[in-house]
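All remarks here apply to the structure that follows.
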Number of protein chains: 2
Amino acid sequence: MTKRTNDNGTERITMTDIAKMAGVSVATVSRVINDSPGVSDENRKRISKLIEELGYQPNFTARNLVRQSTRTIAVINMQTLGQLHAQPASGRMLQGIESVLTSNGYRCTILSRDEFAQDMSELRLIKGGSVDGILLNGAKLNDPLALELTQRNFPFVIIGRAIGLVNSHYVDIDNVFGAYSAVESLVRLGHRRIAHVCGSQQTNLGVERLEGYRRALLEAGLAYNESLVIDAGLTRKEVYTSVRRFFENIAQEERPTAVFTFNDFFAIPVIRALLDLGLQVPRDVSVIGFDDDEASQYLNPPLASVRAPISEMGMKAAEMLLKLIQGKQIDSRQVILQTRVIERDSLGSPSPPA
Amino acid sequence: MTKRTNDNGTERITMTDIAKMAGVSVATVSRVINDSPGVSDENRKRISKLIEELGYQPNFTARNLVRQSTRTIAVINMQTLGQLHAQPASGRMLQGIESVLTSNGYRCTILSRDEFAQDMSELRLIKGGSVDGILLNGAKLNDPLALELTQRNFPFVIIGRAIGLVNSHYVDIDNVFGAYSAVESLVRLGHRRIAHVCGSQQTNLGVERLEGYRRALLEAGLAYNESLVIDAGLTRKEVYTSVRRFFENIAQEERPTAVFTFNDFFAIPVIRALLDLGLQVPRDVSVIGFDDDEASQYLNPPLASVRAPISEMGMKAAEMLLKLIQGKQIDSRQVILQTRVIERDSLGSPSPPA
DNA sequence: ACGTTCTGCGTAAACGTTTACGTTTCTGGC
DNA sequence: GCCAGAAACGTAAACGTTTACGCAGAACGT
C-alpha cells in the first residue's frame, strides 16, 4: 500500500516524521507534546519549535485508541416529533453545554432520539467506545436508556429529572415550584378559573409543571379541575387548534380568565387563538408562560413568564459530567436551579362580571 | 498493565474474543462484520449469532484509525456574540443536517466560532484527522477559514454563500431575490418610504439581503436612501433600542411606512418598538421579516415574511458534503433554494396623509 | 575509587481494528 | 490423475499514538 496522503498530495505529518527530523525517538516527541517530564530543555525547545513550524497536530484517533477515551460526549435530545430543535430552549442549552465542553478540551456530538423508538440504538455509541459520557436532554418516565446506562455504570447526567431512577445525576430547574409560582401570581391577581396548556405527559417536564399548577390551585383553595387542563400536543399548530376549540366550546361564565402554558413556545399560539376569537389579552384572559425566552419580552403583549436559567442548566450539567468522567469529587448528585416569575403585560386582573 | 475493564468490572468484548469463541481468526470475524465475501455460510451464521448474543460492537476508534476516516463531520457555526444558537433558524438547520448524517452512518459534532477570532483553532480538527468534512454555517467575507480549507483541498460545504471564494461548494437560499421580493411586495402595497433593519454587514447574509432591498427600491424608481438603513447590531435588545430611537427622531412626514427586517428574529423587537411609540402595525407601519419562523404566523399581528427552506438547506448541504467525501459525482457545486413571500396581517397599505 | 540515585532517552508493546497476501482445501474440466 | 482456479481462511502488517521498562551516563555521596 502506498503511503497515505492528503488529497493535495502532501503527506500527513506524523510523530515519526518529527522524531526523525529532531534526531530523537517518538517517545521523546510524545513526551514534549504531553508535557511529560524526562526530556532535556534543549530537546524540548527544539522539538516544540519543529512542531510549531510544521504545524503538526497529533492524530486524535490514534491517541484516543491508546488512551481508551475520545474526549467526546454525546448530547442526546428527545426528538419529540422533530420539534425539539425548533425550541429555543434547546438552543440556549446547547450553547451552554458547548462552551463548557470546548473550554475543557472536550467535544460534543449531538443526536436526537425518537420518543417512541424502542431500539436504544444509542447504546452502540457507548459499546463502540466512541463517547466518554452522555448528556441526556430530557428523559421519559422510567427511561429505559437511563436505566441501561446506570446498569452499565456509564457516566451520564440527565438534564431534567428522571422519575423512577434513584440516585441518578441530574440538573434541573425547579419545575414544580416554577409552575406553582406562575399560577400563584395569577391567583394573587384575582383569577379563579385558570387553565393549563400542559406539555407531554410522557416527559418529566410536562408532569412536573402540571403538578405545580395543581398544587397552587389546591393551596389557594381552588378545585383542581381536569377539564381546565388542555393536553394540546407537541406542535404550535396543535396548540392553536386545541386552545381555539376549547374557548369556542366553553360557556362564557365558565371561561377561564387566565391560562398558564407549558412554555413560551406554546404561549404564542395560545395568544393567537384567543385574539382570533375576539378575546383580549390580558383584558379577557391573562397568559403566563415558562422559560422566559429572550423574545418573550418583545411580544405583543409582552409575555409574562417564569424565568429559567436554561443555558446555565446546560453548563452545570456539562460540568457535572466532566467531573464524573474524571472521577472527581461531586458535591451533589442533584442540582436544582431556581426560577422566578417575570410579570409582564400579558397579566392582568380578571374583569368583574358584567 | 492489567487488561482494560469497564467500571463495572466486566471486560470489554473485543474482536479477538469473538474470534476465539468461534474458533476462527479475527480476519474472519472482521469479514462477517463488514459483509465482506470469503467466509462460509456456516461460519457467517455462527459468528453473527455470537456477536448478537454478546452484544458485541466494534470499537469505533480502532476502526477509524485503520480506515483513516472518522465518519464524523463538524458543523461550525458563526458565533455572533453568543446569539447564534438562540436563532431558531439554526435549530431548524441543525435538525436537517443531523437527520441526513445519521441516516448515512455519519455523526456530527458542533462548534461555534467567534466572528472576530483570528486563530482558526478549527484547523486542529482537520489536522488531527478527527473529522472527515466540515459544514460551514455562515461565512465571513473572504472567510480565512474557508480559504484555508480550499487550499488544503479539504471537503467542506458552506451554508450560505462565500463571497470572494471561487468555485466553492455551497447551498444557499436566494437572499437577494428573497429580500427583493419582500420589498417589492411592500412597494406593490403603495409604500414609498421603506426602511431596512439590516443584518451584520460582516456576513454574506446581511450584505445580500441589503442588496435585495436596494435593488427593489431602484427598480421601483425609488431612491436608495442610506439613512433608512438601520444597522442595529446583533441582539434583539440592540434592535429594539435602535429602531425606537430611529422612529423617535424622525419627522412625521419622513417616517417610513414600512420596515423590512433582516429576519423574523429582529422583526419581533421592531414591532415592539413601534407599538411602544404608539404606532400601529400595520396601520402606521407595515413590517415584513425573513425566514418565516414557525412562530411568525402566530405573532400579533401575524408576521409577513419570506419563507426560507432552512431545514432543507441543512439537508442539501449535508448531502453534498457526503458526496464530496465519498468522491461521488456532484451535479452542481452550488445549490440555490427558492424563497417566497408569505403575506400576513403585519402588511397593509400606507394610510393616506392626513 | 566505588556504589547509588537521578536524568534523559530509546525500545517495544499495546490499543482494536482492516486488509493485502499467502496458504490450504475443494471443485471441476480434461 | 493432474492441474487450474476458486473459495475459505489465517498471518501479519499497518494505522499513529502512549507508556512501561530498560539502559547508559551523569551527578553525588562516601
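The sequence lines fix the lettering, A, B, ..., with proteins before strands; numbering per chain opens at 1. All values below were derived from every heavy atom in this structure, side-chain atoms included, with hydrogens, water molecules and symmetry-related copies excluded.
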To the nearest Å, how far apart are [X] [atom1] and [N] [atom2]?
X        : N      : atom1 : atom2 : result
B:Lys20  : D:dG10 : NZ    : P     : 14 Å
B:Arg71  : C:dT18 : CZ    : P     : 11 Å
A:Leu65  : D:dT19 : CG    : P     : 12 Å
B:Lys127 : D:dT17 : NZ    : P     : 13 Å
A:Arg63  : D:dC15 : CZ    : C1'   : 16 Å
A:Ile18  : D:dG16 : CD1   : P     : 13 Å
B:Met15  : D:dC15 : CE    : C1'   : 14 Å
B:Asp35  : C:dT19 : CG    : P     : 13 Å

(message) Please check this pair: side chain of B:Asn204 against backbone of B:Ala139, looking for a donor-acceptor N/O pair closer than 3.5 Å.
(response)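 Indeed, once roles are kept as given, a pair shorter than 3.5 Å links the two residues.
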
Donor-acceptor pairs under 3.5 angstrom involving side-chain atoms of residues 69-76 of chain A: please list them, not counting sequence neighbours.
residue: A:Ser69; atom: OG; partner: A:Asp132; partner atom: OD2; Å: 3.0
residue: A:Thr70; atom: OG1; partner: A:Thr72; partner atom: N; Å: 3.4
residue: A:Thr70; atom: OG1; partner: A:Ser130; partner atom: O; Å: 3.1
residue: A:Thr70; atom: OG1; partner: A:Asp132; partner atom: OD1; Å: 3.3
residue: A:Thr72; atom: OG1; partner: A:Thr70; partner atom: O; Å: 3.1

Distance-only check: which donor-acceptor pairs under 3.5 Å involve side-chain atoms of residues 310-327 of chain A, not counting sequence neighbours?
residue: A:Gln326; atom: OE1; partner: A:Lys328; partner atom: NZ; Å: 3.2

(request) List in numerical order all residues of residues 22-33 of chain B for which some heavy atom is under 4.0 Å away from an atom belonging to DNA chain D. (result)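 Hits under 4.0 Å, by residue number: B:Gly23, B:Val24, B:Ser25, B:Ala27, B:Thr28, B:Arg31.
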
(request) List in numerical order all residues of residues 37-52 of chain B for which some heavy atom is under 4.0 Å away from an atom belonging to DNA chain D. (result)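 Going residue by residue through residues 37-52 of chain B, the ones with a heavy atom under 4.0 Å of DNA chain D turn out to be B:Gly38, B:Val39, B:Ser40, B:Asn43.
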
Report yes if the side chains of [X] and [Y] come closer than 4.5 Å at any heavy-atom pair, otherwise no.
X        : Y        : answer
B:Ile13  : B:Ile18  : yes
B:Leu136 : B:Arg113 : yes
A:Leu54  : A:Asp17  : no
A:Leu147 : A:Asn142 : no
B:Tyr56  : B:Ile33  : yes

(request) Return the angle between end axes of the helix from C:dA1-D:dT30 to C:dC30-D:dG1, with five pairs used per end and rounding to 10°. (result)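 One end axis against the other gives 50°.
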
(request) Please indicate whether B:Arg124 has more than 12 foreign heavy atoms, meaning atoms of other residues, nucleotides or ligands, lying under 6.0 Å from its CZ. (result)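 Check fails, neighbour count at 12 or below.
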
(request) Count the heavy atoms belonging to other residues, nucleotides or ligands that lie under 6.0 Å from CD of A:Glu52, then report whether that count exceeds 12. (result)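 Atom CD in A:Glu52 is not packed in, count stays at 12 or less.
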
(message) Students often get this wrong, so: under 4.0 angstrom with heavy atoms, is B:Asn34 touching a base, only sugar-phosphate, or nothing?
(response)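 It contacts sugar-phosphate atoms only.
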
(request) Return the minimal non-hydrogen interatomic distance between B:Glu98 and A:Ile110, and the atom names on each side. (result)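 So the minimum-distance heavy-atom pair works out to CG-O, 3.9 Å.
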
Would you tell me if any nitrogen or oxygen in the side chain of [X] comes within less than 4.0 Å of OP1 or OP2 on [N]?
X       : N      : value
A:Gln68 : D:dT18 : no
B:Thr14 : C:dC15 : no
B:Tyr56 : C:dT17 : yes

(message) Enumerate the salt bridge (charged side-chain N to carboxylate O under 4.0 Å, His left out) contacts for residues 160-172 of chain B, please, sequence neighbours excluded, ordered by first and then second residue.
(response)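 Applying salt bridge (charged side-chain N to carboxylate O under 4.0 Å, His left out) to every pair that reaches into residues 160-172 of chain B, excluding sequence neighbours, yields B:Arg161-B:Asp172, B:Arg161-B:Glu208.
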
